[in-house]
Number of protein chains: 2
Amino acid sequence: MNNLTLRQLTYFEALAHEGHFGRAAERCAISQPALSVQIKDLEESLGFALFERGPRHVRLTALGEAFARRAGDILRAVADMNDWAETAKGGRIERLRLGVIPTIAPYLLPRFISNVTQAYPTIDLHVRETVTPRLITELLDGRLDAAIVALPTDEPALAEMSLFTEEMVLVRPEKDSGAPLVPPNALDEMRLLLLEEGHCFRDQALSFCNISPARPRDGLDGSSLSTLVQMVGAGIGVTLIPDMAVDVETRSAPVCITRFDTPPPTRTVGLVWRKSNPMTDALREIGHIVRGAAQA
Amino acid sequence: MNNLTLRQLTYFEALAHEGHFGRAAERCAISQPALSVQIKDLEESLGFALFERGPRHVRLTALGEAFARRAGDILRAVADMNDWAETAKGGRIERLRLGVIPTIAPYLLPRFISNVTQAYPTIDLHVRETVTPRLITELLDGRLDAAIVALPTDEPALAEMSLFTEEMVLVRPEKDSGAPLVPPNALDEMRLLLLEEGHCFRDQALSFCNISPARPRDGLDGSSLSTLVQMVGAGIGVTLIPDMAVDVETRSAPVCITRFDTPPPTRTVGLVWRKSNPMTDALREIGHIVRGAAQA
DNA sequence: TTGCTGTCATAATTTTTAATTATGAATAAT
DNA sequence: ATTATTCATAATTAAAAATTATGACAGCAA
């Protein structure tokens, strides 16, 4: 009863246009009986005649004309979709929901966003900034397509592509600029200021300094690198920041930067996405763009 | 390449909605592999993946979501069309292009139009008024669906349904109201006013009076019954009009009506349409409505 | 009338498409 | 490691749609 097919609509349109079974069949590149049968089936399943057949003419009935308008709309929509698919299959990304951790976002985003939108002019780019565990959850959930986080993630369902490795540097008040470099495990006693729980950068810093994550550290947490640096400038303590943040953050506070001896503490930043995401190639391309922007 | 089917769209929508091959297949009342294969074929012919398959989830890719919107539009249009067909197949007329001859139109139309639109509230009614030969041509051409003319038409391709038979009556100036009835073949000498060539009513009148259609009759032709009656009122001659026109036309001119003895001259008016028109039943219904209106 | 022609419908058959059942591979959960 | 879940693949059957051949019917010309 309710088994209309696009094939029937196509044949119908050809017949409506030609007004002749033989010519319509030719236009569809099929035999005349094939078209005849399809039209008959169509009329049968609709329950009324679409064409008035006379020995000298085939023409639309009143209902046929109304049907023709609807059929035309549908066929046009289908053709549109095919066109769209044709351009879409160039492997291009239509929409990218990208997560970025807060210790990277403010410094990296401005550098690569324009590159991405230039490479993919039609892309619909959404950026979400939050801590790694949340990003991973949303990624696995399908709420994000990819994320820029510190590697490794230890998530078997995720593919990783490393983008760059950067040093962590020590930030001290400006007056300490001549002071000697202290060993990492001495930092805690100098009142080491860190990000709140959840930030992977905090964990990395603690690990570098051999401080137990469980130990209470009241009053020494900030919610952003910017805040931490301001606190250092006010003489409250010292902190660690990634190399990438140096330019931006040290400009607005009286602090000085000290790099550690070899081997310096580092973190590796990468792009991650679900292994099951079929756009792996395109995502890897995005990764290259980000990598290029980060190095510049 | 370009062989999309509605079946594929249906399965696609089910899978997009369920996010699970097994359940989507169940919803479509088919087996899981059947759905799997159709989705695969669809993706293959599009040239890109619509779904991201993971061991624990099946979800739309970005392109898949865009595709889903288009697919939804198309499926909705198809569903609409099915709904429309459902109501349309009640044998109802959507559009009626009706031809009527000029000696009937002004008197009959006002009587039945409201009945027709009442019986078919959604009808799209077009009325064309012209002489019989032209109506027949347009009917055979498919430019009209039906016509109200004097029978018979002698057209083998047309079906006829007689509606009513009416007398032709004599119209004379009012001052002749007491005058005796003259025999038909004497009318010519009393300056018989007739419609122009092409009107079937003219031919019927000539035939009744035994006048040769070929004979020149200069200055005695009018373009409408109304004109003829006015001319009679002005004392220029006499004329014949159909019974149905009496009420309307004698009201505005100083004329009197005389009926002929038995057997009176009559004409039979009928509805005609192409035999090949599939809406015969509905047209016959229209005929009944017109018949009822004519008798009232 | 009597073929002849154009045109669509129908029938028999083959080809193509889409379903089924059975089974395999991958992976998360136990 | 084992099991359960879930999707893909293969072999087969069923259904749909094509083909070729032929029939029916009306218009037209001899």
Side-chain angles (χ1 to χ4, degrees), chain A residues 1-12 14-16 18-45 49-61 64 140-141 154-159 274-278, chain B residues 1-12 14-16 18-45 49-61 64 140-141 154-159 274-278:
Chain A
M1 278 297 174
N2 191 6
N3 46 355
L4 186 72
T5 69
L6 287 180
R7 188 185 309 235
Q8 287 173 332
L9 292 190
T10 306
Y11 293 177
F12 165 82
L15 182 54
E18 294 287 349
H20 186 282
F21 279 76
R23 282 192 291 280
E26 192 176 8
R27 162 192 281 232
C28 297
I30 57 167
S31 66
Q32 170 264 313
L35 188 133
S36 248
V37 169
Q38 287 297 323
I39 297 293
K40 182 168 151 290
D41 289 353
L42 174 59
E43 290 180 320
E44 219 152 74
S45 78
L50 294 168
F51 293 96
E52 180 185 321
R53 286 112 159 127
R56 210 87 209 137
H57 62 256
V58 174
R59 91 166 59 86
L60 286 167
T61 61
L140 294 173
D141 266 10
D154 279 324
E155 276 291 338
L158 297 184
R274 289 183 303 279
K275 280 177 180 163
S276 56
N277 189 320
Chain B
M1 277 296 174
N2 190 5
N3 45 356
L4 185 74
T5 69
L6 288 180
R7 187 185 312 235
Q8 287 174 333
L9 292 190
T10 306
Y11 293 178
F12 165 82
L15 181 54
E18 294 286 349
H20 186 283
F21 279 75
R23 282 192 292 279
E26 192 177 8
R27 163 194 281 230
C28 296
I30 57 168
S31 66
Q32 171 264 314
L35 188 134
S36 247
V37 169
Q38 287 296 323
I39 296 292
K40 183 168 152 289
D41 289 353
L42 174 58
E43 290 180 319
E44 219 152 73
S45 78
L50 295 167
F51 293 95
E52 179 186 322
R53 288 115 160 123
R56 209 84 209 138
H57 61 258
V58 173
R59 87 166 64 86
L60 286 168
T61 61
L140 294 173
D141 266 11
D154 278 326
E155 275 291 339
L158 297 184
R274 289 182 303 279
K275 281 177 180 163
S276 57
N277 189 320

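To find a chain, count down the sequence lines: A is the first, B the second, and so on, and within it residues start at 1.
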Worksheet item: Within the pair A:His20 and C:dC8, is there a side-chain N or O less than 4.0 Å away from OP1 or OP2?
Response: yes

Worksheet item: Does one side chain, of A:Glu52 or B:Ser276, offer a donor that lies under 3.5 Å from an acceptor on the other?
Response: yes

Fill in: For atom CG of B:Asp41 and atom P of D:dA8, their distance in whole Å
12 Å

Worksheet item: Rounded to the Å, how far apart are B:Leu140 CG and D:dG27 P?
Response: 11 Å

Worksheet item: Is any side-chain N or O of B:Gln38 closer than 4.0 Å to OP1 or OP2 of C:dA19?
Response: yes

Worksheet item: Is the shortest side-chain N/O distance from A:Arg53 to OP1 or OP2 of C:dT7 below 4.0 Å?
Response: no

Worksheet item: When the distance from CG of A:Leu35 to P of D:dT19 is rounded to whole Å, what number comes out?
Response: 10 Å

Worksheet item: Any side-chain heavy-atom pair from B:Leu50 and B:Ile39 closer than 4.5 angstrom?
Response: no

Item to complete: Identify whether any heavy atom of B:Pro33 sits under 4.0 Å from a base atom; if not, whether one sits that close to sugar-phosphate; answer base, sugar-phosphate or nothing.
Response: base

Discussion item. Over all strands shown, is A:Gln32 touching base, sugar-phosphate only, or nothing at heavy-atom distances under 4.0 angstrom?
Written reply: base

Worksheet entry | Length of the CD1-P vector between A:Ile39 and C:dT7, whole Å | 17 Å

Worksheet item: Is any side-chain heavy atom of B:Tyr11 less than 4.5 Å from a side-chain heavy atom of B:Ile30?
Response: yes

Discussion item. Rounding to an integer number of Å, can you tell me how far A:His57 NE2 sits from C:dG6 P?
Written reply: 19 Å

Worksheet, complete the sentence: By nearest-nucleotide position on DNA chain C, the 5'-leaning member of B:Ala34 and A:Ala157 is B:Ala34

Worksheet item: Could you give the NZ-to-C1' distance, from B:Lys275 to D:dC25, as a whole number of Å?
Response: 13 Å

Worksheet item: With a non-hydrogen cut-off below 4.0 angstrom, is A:Tyr11 in contact with a base, only sugar-phosphate, or nothing?
Response: sugar-phosphate

Item to complete: Determine whether more than 12 heavy atoms belonging to other residues, nucleotides or ligands lie under 6.0 Å from atom CD of A:Gln32.
Response: yes

Worksheet, complete the sentence: By nearest-heavy-atom nucleotide on DNA chain C, the more 5' of A:Lys40 and A:Arg7 is A:Lys40

Worksheet item: Do any side-chain nitrogens or oxygens of B:Ser36 fall under 4.0 Å of OP1 or OP2 in D:dA8?
Response: yes

Worksheet item: Does B:Ser31 place a side-chain N or O at less than 4.0 Å from the phosphate oxygens OP1/OP2 of C:dA19?
Response: no

Discussion item. Expressed as a whole number of angstroms, how long is the span from A:Asn3:CG to D:dA16:P?
Written reply: 8 Å

Practice prompt. Just compare C:dT10, C:dA9, D:dC7 and give me whichever is closest to any side-chain atom of A:Phe21.
Written response: C:dA9

Worksheet item: Going through the checks in order, is the side-chain contact (heavy atoms from CB on, under 4.5 Å) test met by B:Leu158 and B:Arg274?
Response: CA-CA 4 Å; B:Leu158 297 184; B:Arg274 289 182 303 279; 4.1 Å; yes

Discussion item. Output the rounded distance in Å from CD (A:Glu26) to P (D:dT19).
Written reply: 12 Å

Discussion item. Go nucleotide by nucleotide along DNA chain D from the 5' end; which of B:Pro156 and A:Ile30 gets its closest nucleotide reached first?
Written reply: A:Ile30

